[in-house]
Amino acid sequence: MATVAVAGKGGTGKTTIASLAVRYLISKGETPVLVVDADPNANMGQTLGIPVPITVGAAREQGFAGDRDIPGGMTKDQYVEYKMQEALAEGDGFDLLTMGRPEGAGCYCFANNIIRRYMDELAGDYPHVIMDNEAGLEHLSRRTTRRTDVLLVVSDAGVRGLGAARNVLDLAAEMKVDVGEYMFVLNRATPEAAAALMPEIERLELPLVATVPEDAGLFDAEVAGRSLIGMPEGSPAVDGTTPLFDKIFAAQT
Ligand SMILES: Nc1ncnc2c1ncn2[C@@H]1O[C@H](COP(=O)(O)OP(=O)(O)OP(=O)(O)O)[C@@H](O)[C@H]1O
Ligand SMILES: [Mg+2]
């Protein structure tokens with residue numbers, strides 16, 4: 001059992017790494033995987049190749065803003081849960097919950113509490129949960145019961161990515177996110193680049209657990225609209241992440 005969250009600077013490969021984690025678990029028969037896309041600019045639906053029926057945020061706006069439209073005989077709780085079920089997209093070997101827009105200033109506290117409780121209950125039904133996060137870690141901090149076993153901090157070989165990695169660590173501590181283990185992933189980098197960056201990486205105080213090479217096949221898949229679940233064994237991105245996932249999930253299964 002593992003709950004793995006991915007965080008880091010925009011554009012560094014969070015969604016790609018999260019999608020490859022789903023691919024890995026499916027390839028090992030560790031299914032069903034619950035995928036939570038907690039980035040408001042959601043795109044796990046695209047990288048995993050399934051349509052998103054409705055986001056949790058949109059469902060909240062549509063249904064939770066008032067008492068209207070609640071079918072007779074349903075309590076508010078039941079209605080919210082029913083709406084949440086609509087937001088859960090079923091894929092082959094995984095289910096995807098897309099959070100969509102954040103809670104915002106107008107507080108539907110009642111609905112949000114139910115959403116949180118529902119998500120915690122839902123997560124309990126799956127052996128593994130993979131969560132793609134936005135920079136602010138908002139959803140992660142709002143989880144109530146389940147701990148995040150592994151927080152994967154992703155960066156490319158750029159200075160800004162590394163700086164953002166440090167911020168993730170500080171933010172997670174500040175927001176009291178319950179993290180079992182932090183792991184640092186250097187994406188789109190050669191071993192030489194990783195070696196050259198070692199002094200910077202050591203300053204992060206995050207263990208570098210994987211260096212993932214550039215893989216042109218990811219771009220091809222994106223352009224062709226192909227799911228990353230179909231990325232083949234032997235491709236640089238798959239081979240570059242397999243030891244990482246072996247490490248995470250061997251320890252957790
Ligand atoms: N190892 C890699 N080799 C080649 N291309 C990559 C690699 N990792 C990611 N990419 C590409 O970089 C782009 C950004 O990746 P991705 O969407 O995973 O980043 P992100 O951190 O989730 O971005 P955002 O913050 O916008 O959500 C994508 O086009 C993706 O295909
Ligand atoms: Mg992303």
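Counting starts at 1 for both ligands and their atoms, in listed order. Just so we're clear, the structure is a prediction, and the values are computed from it rather than from any experiment. These values consider heavy atoms only, across backbone and side chains, with no hydrogens, waters or symmetry-generated copies.
Considering backbone and side-chain N/O of A216, none are found under 3.5 Å from N/O of ligand 1. Considering backbone and side-chain N/O of F219, none are found under 3.5 Å from N/O of ligand 1. Checked against a 3.5 angstrom limit, the closest N/O atoms of N43 and ligand 1 fall outside it.
Environment of CG in D220: crowded, with over 12 heavy atoms of neighbouring residues, nucleotides or ligands closer than 6.0 Å. Enclosure of atom CD in E90 is not indicated, since only 12 or fewer non-hydrogen atoms of other residues, nucleotides or ligands lie within 6.0 angstrom.
Annotation: atom 8 (N) of ligand 1 to nearest protein heavy atom, N187 ND2, 2.9 Å. The protein heavy-atom contact nearest to atom 3 (N) of ligand 1 is D215 N, 2.8 Å. Scanning the protein heavy atoms around atom 9 (C) of ligand 1, the nearest turns out to be T16 OG1, 3.5 Å. Closest to atom 19 (O) of ligand 1 among all protein heavy atoms lies G13 N, 3.0 Å. Taking atom 17 (O) of ligand 1 as the reference point, the nearest protein heavy-atom neighbour is T15 CB, 4.0 Å. The protein atom (non-hydrogen) at minimum distance from atom 14 (C) of ligand 1 is G11 O, 3.8 Å. Protein heavy atom nearest atom 7 (C) of ligand 1, with residue, atom name and distance: L218 CD1, 3.3 Å. Here the protein heavy atom with the shortest distance to atom 27 (O) of ligand 1 is D39 OD2, 3.4 Å.
Atom OG of S19 is separated from atom NZ of K14 by 11.5 Å, given to the nearest 0.5 angstrom. To the nearest 0.5 Å, atom CG of residue L20 and atom OG of residue S27 are 10.5 Å apart.
Below 4.0 Å from some heavy atom of G10 lie the following atoms of ligand 1, by number and element: 25 (O). Applying the 4.0 Å criterion to heavy atoms of K9 picks out, from ligand 1, the atoms 21 (O).
Electrostatic pairing of E233 and R23 counts as a salt bridge here, judged by a charged N lying under 4.0 Å from a carboxylate O.
Residue A18 places every heavy atom at 4.0 Å or more from ligand 1. Under the 4.0 angstrom criterion for non-hydrogen atoms, E134 is not in contact with ligand 1.
Under 4.0 Å from ligand 1, the heavy atoms of P213 that appear belong solely to its backbone.
Screening L97, V36, D95 for a side chain to side chain contact (heavy atoms under 4.5 Å, CB included) with L122, the sole residue that qualifies is L97.
Ring planes of Y24 and F249: parallel class, angle under 30° (limits at 30 and 60°).
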Chi angles and distances behind the side-chain contact (heavy atoms from CB on, under 4.5 Å) call for E134, M99: CA-CA 11 Å; E134 98 292 11; M99 300 308 291; over 6 Å; no

Chi angles and distances behind the side-chain contact (heavy atoms from CB on, under 4.5 Å) call for T16, D215: CA-CA 11 Å; T16 302; D215 186 343; over 6 Å; no

L162/L197 under side-chain contact (heavy atoms from CB on, under 4.5 Å): CA gap, chis, key distance, verdict: CA-CA 10 Å; L162 293 172; L197 281 170; 3.8 Å; yes

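Taking backbone and side chain together, T15 holds an N, O or S atom under 2.8 Å from the Mg ion (ligand 2).
Side chain to side chain, D132 and T15 meet the donor-acceptor criterion of an N or O pair below 3.5 Å.
Looking at E222, E214, R188, it is R188 that brings a heavy atom closest to atom 12 (O) of ligand 1.
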